[in-house]
K.L.:
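Here it is: the structure, laid out below.
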Number of protein chains: 2
Amino acid sequence: MAVSKKKVTLSDVAAVAGVSLSTASKALNGGGRISAVTRQRIEETALRLDFRPNGLAQSLALGRSRTVAVLSDRAESTFARPVIIGAATYLGQHEQAVLLYDARLRRRDDMAESIRSLNARRIDGVLVVGEGLHHRTRSVSAEFSVPVTYAFTLSDEPDDVMFVPDNHAIGRMAGEHLLALGRRRIAHVAAEADDLAAQLRLEGLREALSGAGVTLVHEVLHGSWTEAWGRTAAQRMLAERWDIDAVFGGNDHIARGVENVFAAAGVRVPQDVALVGVDNWEGLIIDQSARHLTTIDVGLIGMGEAAAAHLLGGEQAPGLHYQPPTLIVGETTG
Amino acid sequence: MAVSKKKVTLSDVAAVAGVSLSTASKALNGGGRISAVTRQRIEETALRLDFRPNGLAQSLALGRSRTVAVLSDRAESTFARPVIIGAATYLGQHEQAVLLYDARLRRRDDMAESIRSLNARRIDGVLVVGEGLHHRTRSVSAEFSVPVTYAFTLSDEPDDVMFVPDNHAIGRMAGEHLLALGRRRIAHVAAEADDLAAQLRLEGLREALSGAGVTLVHEVLHGSWTEAWGRTAAQRMLAERWDIDAVFGGNDHIARGVENVFAAAGVRVPQDVALVGVDNWEGLIIDQSARHLTTIDVGLIGMGEAAAAHLLGGEQAPGLHYQPPTLIVGETTG
DNA sequence: ATGCCACGCGAAAGCGTTTTCTCACGCCGC
DNA sequence: GCGGCGTGAGAAAACGCTTTCGCGTGGCAT
């Protein structure tokens, strides 16, 4: 590389091309009125000098920082992570940096300070990442003059832009998959009865089943999202000798708990009972064919991407945007 | 808010305080020679006017963008995610944005273009995030004039700054934990024999055991990192009637596979056989007390934080930095 | 009284773009 | 031959800050 270390600026290009600074700028930005021949000469010069405009100078002049703020409650939580990664990946592809403000939403005065700080940085947009639909996030949209989008949480302002999982579709997808396998005696082990996600998944499941004229066998077992609860529920099913050929676990933890107890009791999965979970807890790292538990991926990564895309997209479509889930077939419904 | 919408600039502050622009700047930055009384007057004025310096202007003047580039192979992979999140969290706390360039390391010309792009943005540092120690990453340190740090991968340039898991300590920790529980007949189900991480974990384990005058019962079972291999290994242990009271699974997948087969065979965990895995696959979302599998957290989040901290820290300490693991006790060694 | 130095402050030159406004010029129609 | 107009290009302001340098003032030593 015989390239000189000094950065080449637009002035350099202009000087070499024998034009003024402003002309060079206009030529390279496509704007302004420039004769075709001049423009081409400038473009060639820029190319030859290996000119790259200084991004900071552009930012200052344009008032845009090419940076998006991500506000999260707890970035390191298992569910927030993929959303943030998805968003950051998309944003990076579009030359947008991410400024992650974690846990600053909580205290009111911290928040005020953060907002001032972000505005001082001339942030281009704000992405609020939550931890599910348990409770609504206080809307911060009014605090910014740039677009604000909410992912994996509900804002308390209905006209905010929100991206959330489609729990209804998840339930429906589980039901349809089990039906397609010929299963008709389906049980559901769910989380707390007052959990919104659990309710929606149940609704979706019921809808799928009723579409085929099938109803859930026995009542829905409500507990928690844990593996321990899955085991407890499975023990009860065994003790009461439920006549079932499939179980939809509210999430993968529950499904694993069920499976373990079933396995210990000699119930064969999937031959005797097919099993579906939710969350894609095993992730996608291992060879897809080797995956064990059939599960439904909520689409958190895609949700982060979609939210980020929407943020950059210009047009802000208010209200709820549902992220379609994905079925990932494993051995438990082989 | 009766605050005028117009942004207040440093000139405004200077004018109101009755000083020049440069004096105001020096007063607020702590630098320069300013009388205490003048400085205080300016600071009060700034406070009263709610002045925040325009970050972009500062960046341009200082040549620092307060942005760090993160270069990854596959940001969405399960292992890269926590590293990136950890780094981003730490960086966000220090007002540094993250520009995530995913999968751009692969193709040589893409990479060249990315490097030019980052340099044009006046990036403050580069963090290369890999996917483990399987193969070395081509060093890009020479391409940047800013510090470059590697996390969760090895650079092919030994003097680069690298942050990696301490697989040796992981093995040792597993061994010590099992020994502390009084277990002496310990088996190890590992991944491929030529896998570096697997080798180091085995070494660490052996070291811990030999410290107590204990040796591994039977040979080490080498296979893969999968749950299926855990099951296969467990079946073999059962078939050959191994006399063991503990199993160290090379990772959580393996451990889960072992556990499932044991459970189905009536082997009680942890009464008959204690079980330890690696990776903290269950995450940390659920109530810690409720966690099932005893595991060793490799510390990927902490590694991301440490790498980011080192990057911002100024002093670059070349060579390998090992991330200490964490033992997370669950029911399988209760 | 004169020279020096330290101190406090301001003028001005960057940092590298974008963008508005103005100007020179040649061509056209009248 | 003259006013008008469209066209291409440059001058200069703006973006908002940091930093170097120089200048005036007062106190101190000579």
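Below, chains carry the letters A, B, ... as their sequence lines are ordered, and counting in each starts from 1.
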K.L.:
Taking atom CZ as the centre, does B/R108 end up with more than 12 heavy-atom neighbours from other residues, nucleotides or ligands that are less than 6.0 angstrom away?
P.N.:
no
K.L.:
Taking the six-membered ring for Trp, are A/F163 and A/H321 parallel (under 30°), tilted (30 to 60°) or perpendicular (over 60°)?
P.N.:
parallel
K.L.:
Take a 6.0 Å sphere around CZ of A/F144 and say whether it holds more than 12 heavy atoms from other residues, nucleotides or ligands.
P.N.:
yes
K.L.:
Between B/S139 and B/D156, does any side-chain donor sit less than 3.5 Å from a side-chain acceptor?
P.N.:
no
K.L.:
In whole Å, I'd like the distance from the CZ atom of B/R121 to the C1' atom of C/dG16.
P.N.:
16 Å
K.L.:
Under 6.0 Å from the CZ atom of B/R39, do we count more than 12 heavy atoms belonging to anything else shown?
P.N.:
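Check passes, neighbour count above 12.
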K.L.:
Which one, C/dG8, C/dA11, D/dT7, comes nearest to the side chain of B/S22?
P.N.:
C/dA11
K.L.:
Check each residue of residues 38-49 of chain B for a non-hydrogen atom within less than 4.0 Å of any atom in DNA chain C, then write out the ones that pass by number, or none.
P.N.:
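B/T38 - these, ordered by number, are the residues of the stretch whose heavy atoms sit under 4.0 Å from the strand.
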K.L.:
Using whole Å, report how far NZ of A/K26 lies from P of D/dG10.
P.N.:
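It works out to 9 Å between those atoms.
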K.L.:
In whole Å, what is the span from the CD1 atom of A/I34 to the P atom of D/dG6?
P.N.:
19 Å
K.L.:
Looking at every strand, decide which applies to A/S35 at a 4.0 Å heavy-atom threshold: base, sugar-phosphate, or nothing.
P.N.:
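It contacts sugar-phosphate atoms only.
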K.L.:
Pick the closest DNA chain C nucleotide for B/T23 and for B/R122 by heavy atoms, then say which residue is nearer the 5' end.
P.N.:
B/T23
K.L.:
In whole Å, I'd like the distance from the CG atom of A/N29 to the P atom of C/dT19.
P.N.:
7 Å
K.L.:
Give the rounded distance in Å between these two atoms: CG of B/D12 and P of D/dG16.
P.N.:
9 Å
K.L.:
Is the CZ atom of A/R41 crowded by more than 12 outside heavy atoms at less than 6.0 Å?
P.N.:
yes
K.L.:
Measure the shortest side-chain to side-chain distance between A/L154 and A/T137 over non-hydrogen atoms and say whether it is less than 4.5 angstrom.
P.N.:
no
K.L.:
Atom CZ of A/R66 and atom P of C/dT18: how far apart are they, to the nearest Å?
P.N.:
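Interatomic distance, CZ of A/R66 to P of C/dT18: 11 Å.
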K.L.:
Expressed as a whole number of angstroms, how long is the span from B/L10:CG to C/dG14:P?
P.N.:
20 Å
K.L.:
Do A/Y150 and A/V164 touch side chain to side chain, with heavy atoms closer than 4.5 Å?
P.N.:
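Not touching, per the 4.5 Å side-chain cut-off.
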K.L.:
Under 4.0 Å from any atom of DNA chain D, heavy atoms only: list the residues of residues 54-63 of chain A that qualify, in numerical order.
P.N.:
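Contacting residues: A/L60, A/A61.
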K.L.:
So what does A/T9 touch, heavy atoms closer than 4.0 Å: a base, only the sugar-phosphate, or nothing?
P.N.:
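Here A/T9 touches the backbone only, sparing every base.
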K.L.:
Can you tell me which nucleotide in C/dT18, C/dC7, D/dC17 comes closest to the side chain of A/S25?
P.N.:
C/dT18
K.L.:
Rounding to an integer number of Å, can you tell me how far A/L21 CG sits from D/dA14 C1'?
P.N.:
13 Å
K.L.:
Are B/L47 and B/D50 packed together at the side-chain level, in the sense that at least one heavy-atom pair is separated by less than 4.5 angstrom?
P.N.:
no
